[in-house]
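Here the structure comes first, spelled out in structure tokens, and everything after it is commentary.
Note on naming: letters A, B, ... go to the chains in the order of the sequence lines (proteins, then strands), and numbering restarts at 1 for each one. Quick caveat: nothing in here was measured; it's all calculated off a predicted structure.
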Amino acid sequence: MNTVVFAETNDEGKFRKNAAESVSYAKRIAEMAGGRVTAVSFGASDPGDLSRYGADQITNLSGEAGTRFSPELWAQVLSEVAQGEIYILPHSNDGAAMAPFLALKCDAALVTQAIDYPTAVSPLRVKRQAFSGKGMMEVAVQRERVVLTLVQNSVGQTEWDCQSGVTEKSVHWGSPKVVVKSRALAKGKVDLKEADVVVSAGRGLKGPENWGMIETLAELLNAAVACSKPVSDLGWRPHSEHVGQTGKTIAPNLYIAIGISGAIQHLAGVSGSKNILVINSDPDAPFFQAADYGVVGDLFKVVPQLIAKLKAYRTQNA
Amino acid sequence: MNVLVCISEVPDTTSKIEFTDGNRAFDTIGISFVINPYDEFGLTWAIGLRERQGAKVTAVTVGKELVEPTLRKVLAIGADDAIRIDAEPKDSYQVASELAALIEAGEYDLVITGRESIDYNGSAVPGFLAAMLDWPFVNACVQLEVEDGEARAQREIDGGRETLSFPLPAVIAGQKGLVEERDLKIPNMRGIVMARKKPLTTKESIGTPAEIQSQGFEKPAPKSAVTLIDSDNLDELIKRLHEAVKVI
């Protein structure tokens with residue numbers, strides 16, 4: 001059973017964290033069912049990087065048009081350069097956009113938002129996210145080929161002792177139906193969906209002018225910044241930072257919720273977090289019920305103190 | 001300009017989700033159903049387009065008769081007419097096949113869906129539709145303008161935004177940003193009365209089978225009791241972050 005992975009890169013050609021995760025996920029399937037793992041990247045600067053996550057073959061594609069995302073063209077090229085029974089894509093915005101096109105091109109069934117390794121491969125059985133984090137659903141697929149998208153940060157990456165063959169290939173790209181005029185990327189920020197640590201704040205902060213300490217804390221922890229729905233609705237923070245049932249669903253190693261009461265819609269979006277730390281002045285805030293660690297206290301005192309302690313810790317352990 | 005807005009009916013966001021029948025089915029007892037929040041942004045955008053530039057706004061859903069109150073609500077908010085495709089929705093491929101058959105038989109310039117439905121989170125129907133119809137596709141769309149058969153859009157990407165241009169017809173998967181939360185409309189009395197007179201037609205299913213079979217559900221594992229740390233003893237927290245959570 002051969003697996004093909006879409007290994008996503010950023011604008012500098014570096015592999016995203018989800019590429020390592022997707023490749024090691026594919027390797028696990030190969031361990032279960034045999035077969036080879038082929039990773040396909042578009043414009044990667046150092047394709048051999050994926051070797052240690054279990055790729056047998058890495059095919060790096062180049063060609064001018066390929067540097068701009070197009071769901072139909074990328075799906076077509078991917079289906080032409082590598083064939084397998086299982087195709088694995090990260091459930092990033094690009095991966096999710098390509099997946100249905102790829103499924104139709106390869107005559108495959110599509111399972112999106114997988115959150116764990118398959119429990120069986122033939123027929124494929126796997127758990128996927130449902131109810132925006134309030135539940136999980138196991139599905140079975142009675143098809144010879146499957147395209148599967150993997151929730152980012154769901155299983156993490158694993159290193160394998162593996163030798164890869166690397167092939168560089170120039171491909172002919174057709175014309176995309178949608179033309180990308182420009183791309184604006186936040187520089188130096190950790191992406192929310194793939195962050196290991198997320199620092200999130202709610203209405204308890206009282207106003208957008210108080211986010212400085214949230215950003216400082218995030219910087220110290222190499223974390224992404226997030227917020228609750230009311231904060232994004234009020235325009236204090238951009239929509240792209242809204243975490244919850246109608247915003248982003250995330251699964252970091254540590255989620256720090258500051259001044260967020262913990263409405264059911266918010267909890268849904270963060271239930272996949274491995275650890276949750278809640279800082280809130282209200283000891284009855286429902287979020288404490290869903291937390292691993294809690295600090296009851298005035299966030300305007302606790303957060304600056306935590307920042308000071310972290311800085312001291314960094315200095316001592318530098 | 002004909003706009004088709006695809007609507008999914010989902011449990012209200014405040015719902016507690018429970019499973020029944022030995023965890024094989026979603027327990028709908030006590031659940032109130034609403035328009036999928038992501039679909040509402042597209043619906044409101046389409047009504048705004050009609051007000052600004054003129055357009056006909058048709059809403060469609062795939063579902064059995066029980067979903068009609070949700071379609072009436074869509075009409076009360078402002079859609080001109082509504083279509084119910086008479087099939088039990090099973091998976092994204094089946095739903096997209098039903099919708100594609102309707103779209104191919106119609107004359108739509110733009111099809112708008114939500115980014116995903118908040119119940120099964122497939123986020124695959126819009127992409128399948130675009131692939132089946134061979135139309136341009138934009139997912140995670142946060143801004144959209146159309147004029148003279150051309151569209152400009154912004155799309156959220158991981159860590160940023162893209163500005164795009166493409167010809168119509170096209171399929172858009174929208175989210176917050178298409179319109180703002182405060183722009184969303186609650187049906188008023190006049191809208192509700194008018195909705196009763198607007199056409200709601202039923203279309204027969206083409207009978208595409210599902211490809212994915214649900215094997216059962218589970219809820220996320222409950223957390224064990226919270227470890228409370230005194231706000232005067234944050235050194236303890238630092239110790240935990242280092243030893244147990246391993247983030248520092």
Please classify the contact of A:L306 with chain B as side chain, backbone, both or neither, using a heavy-atom distance under 4.5 Å. both
Would you call the rings of B:F217 and B:F19 parallel, tilted or perpendicular if under 30° counts as parallel and over 60° as perpendicular? parallel
Select one option (side chain, backbone, both, neither) describing which atoms of A:Q245 are under 4.5 Å from chain B's heavy atoms. both
Side chain, backbone, both or neither: which part of A:Y313 has a non-hydrogen atom closer than 4.5 Å to chain B? side chain
Pairs of heavy atoms under 4.5 Å with chain A: top-ranked of B:N233, B:I118, B:I157: B:I118
Quick check for you: among A:N222, A:V178, A:I264, which has the greatest number of heavy-atom pairs under 4.5 Å with chain B? A:V178
Would you mind telling me which of A:L220, A:L277, A:V180 has the largest number of heavy-atom pairs within less than 4.5 Å of chain B? A:V180
Under 4.5 Å heavy-atom distance to chain A, tell me which part of B:L241 shows up: side chain, backbone, both or neither. side chain
Using the side-chain hydrogen bond (donor to acceptor under 3.5 Å, both in side chains) rule, pick out the option among B:R161, B:K176, B:Q175 that qualifies with B:E156. B:Q175
Would you say the side-chain atoms of B:E98 pair up with the backbone N or O of B:G207, donor to acceptor, closer than 3.5 Å? yes
What part of A:S273 gets within 4.5 angstrom of chain B, counting heavy atoms only: side chain, backbone, both, or neither? backbone
Output the distance between atom CD (B:Q213) and atom CG (B:D91), rounded to the nearest 0.5 Å. 8.0 Å
So A:E72 and A:K105, salt bridge (charged side-chain N to carboxylate O under 4.0 Å, His left out) or not? Walk me through it. CA-CA 9 Å; A:E72 72 278 4; A:K105 287 246 159 31; over 6 Å; no
Region of B:N36 that comes under 4.5 Å of a non-hydrogen atom in chain A: neither
Best-contacting candidate, A:N275, A:V278, A:D298, A:V141, against chain B by heavy atom pairs under 4.5 angstrom: A:N275
What class does the angle between the rings of A:W74 and A:F69 fall in, given that below 30° is parallel, 30 to 60° is tilted and above 60° is perpendicular? perpendicular
For chain A, find which of B:H242, B:Q154, B:E116, B:R115 contributes the most heavy-atom pairs closer than 4.5 angstrom. B:H242
Please classify the contact of A:K127 with chain B as side chain, backbone, both or neither, using a heavy-atom distance under 4.5 Å. side chain
Note: B:P209 and B:Y93 closest approach over all heavy atoms is O-CD2, 4.4 Å
Salt bridge present between A:R145 and A:D107 (N-O < 4.0 angstrom): no
Is it true that, when you exclude A:E144 itself, more than 12 heavy atoms of the residues, nucleotides or ligands shown sit nearer than 6.0 Å to its CD? no
Of all of B:G122, B:A96, B:G114, which one pairs up most often with chain A through heavy atoms under 4.5 Å apart? B:G122
For A:A99, is it the side chain, the backbone, both or neither that has a heavy atom under 4.5 Å from a heavy atom of chain B? neither
Main chain of A:R237, side chain of A:E241: is a donor-acceptor contact present, judged purely on distance under 3.5 Å? no
Between A:D94 and B:R155 (salt bridge meaning N to carboxylate O under 4.0 Å), is one present in this structure? yes
Cationic N near anionic O, under 4.0 Å, B:R182 to A:D233: no
Looking at chain B, which one of A:K189, A:K229, A:K274 has the largest number of heavy-atom pairs inside 4.5 Å, strictly under? A:K229
Toward chain B, the part of A:A108 with a non-hydrogen atom under 4.5 Å: backbone
Yes or no on side chain to side chain contact (heavy atoms under 4.5 Å, CB included) for B:D109 and B:V146, after CA distance, side-chain angles and deciding distance? CA-CA 10 Å; B:D109 304 290; B:V146 296; over 6 Å; no
Honestly, the part of B:A153 sitting under 4.5 Å from a heavy atom of chain A is neither
Which of A:D191, A:N153, A:N10, A:D196 passes side-chain hydrogen bond (donor to acceptor under 3.5 Å, both in side chains) with A:K17? Answer is A:N153
Interface residue of largest heavy-atom contact number with chain A, from B:P11, B:A130, B:A210, under 4.5 Å: B:A130
Examine whether an atom of B:P126 lies under 4.5 Å from a heavy atom of chain A, and if so say whether it belongs to the side chain, the backbone or both; otherwise answer neither. neither
Under 4.5 Å, counting heavy-atom pairs only, tell me which of A:G297, A:G135, A:P283 racks up the most with chain B. A:G135
Can you say whether B:P220 sits under 4.5 Å from chain A via the side chain, the backbone, both, or neither, judging by heavy atoms? both
Sort A:A263 into side chain, backbone, both or neither according to what part of it lies under 4.5 angstrom from a heavy atom of chain B. neither
Criterion side-chain hydrogen bond (donor to acceptor under 3.5 Å, both in side chains) against B:S117, the qualifying member of B:T113, B:D119, B:N121: B:D119
So, the part of A:V197 with a heavy atom under 4.5 Å from chain B: the answer is side chain
Which one, B:G159, B:G160, B:S231, leads in non-hydrogen pairs under 4.5 Å with chain A? B:G159
Which atoms of B:L237 come close to chain A, meaning under 4.5 Å heavy atom to heavy atom: side chain ones, backbone ones, both, or neither? side chain
Which one wins on heavy-atom pair count under 4.5 Å against chain B: A:A223, A:S271, A:S92? A:S92
Proximity breakdown for B:D235 and chain A, heavy-atom pairs closer than 4.5 Å: both
Specify whether A:F131 and B:F26 have parallel, tilted or perpendicular ring planes, treating 30° as the upper limit for parallel and 60° as the lower limit for perpendicular. tilted
Pick one of side chain, backbone, both or neither for A:D292, based on which atoms fall under 4.5 Å of a heavy atom in chain B. both
Region of B:S224 that comes under 4.5 Å of a non-hydrogen atom in chain A: backbone
Which atoms of B:I229 come close to chain A, meaning under 4.5 Å heavy atom to heavy atom: side chain ones, backbone ones, both, or neither? both
What part of B:Y38 is in contact with chain A, defined as an atom under 4.5 angstrom from a non-hydrogen atom: side chain, backbone, both or neither? side chain
Proximity breakdown for B:V125 and chain A, heavy-atom pairs closer than 4.5 Å: neither
Flag the pair A:E138 / A:T119 as yes when at least one side-chain heavy-atom distance between them is below 4.5 Å, and no otherwise. yes
Between B:R152 and B:E145, is there a salt bridge with N-O shorter than 4.0 Å? no
Under a 4.0 Å threshold between the charged nitrogen and the carboxylate oxygen, would A:E194 count as salt-bridged to A:R16? yes
Heavy-atom cut-off 4.5 Å, strictly under: side chain, backbone, both or neither for B:F137 against chain A? both
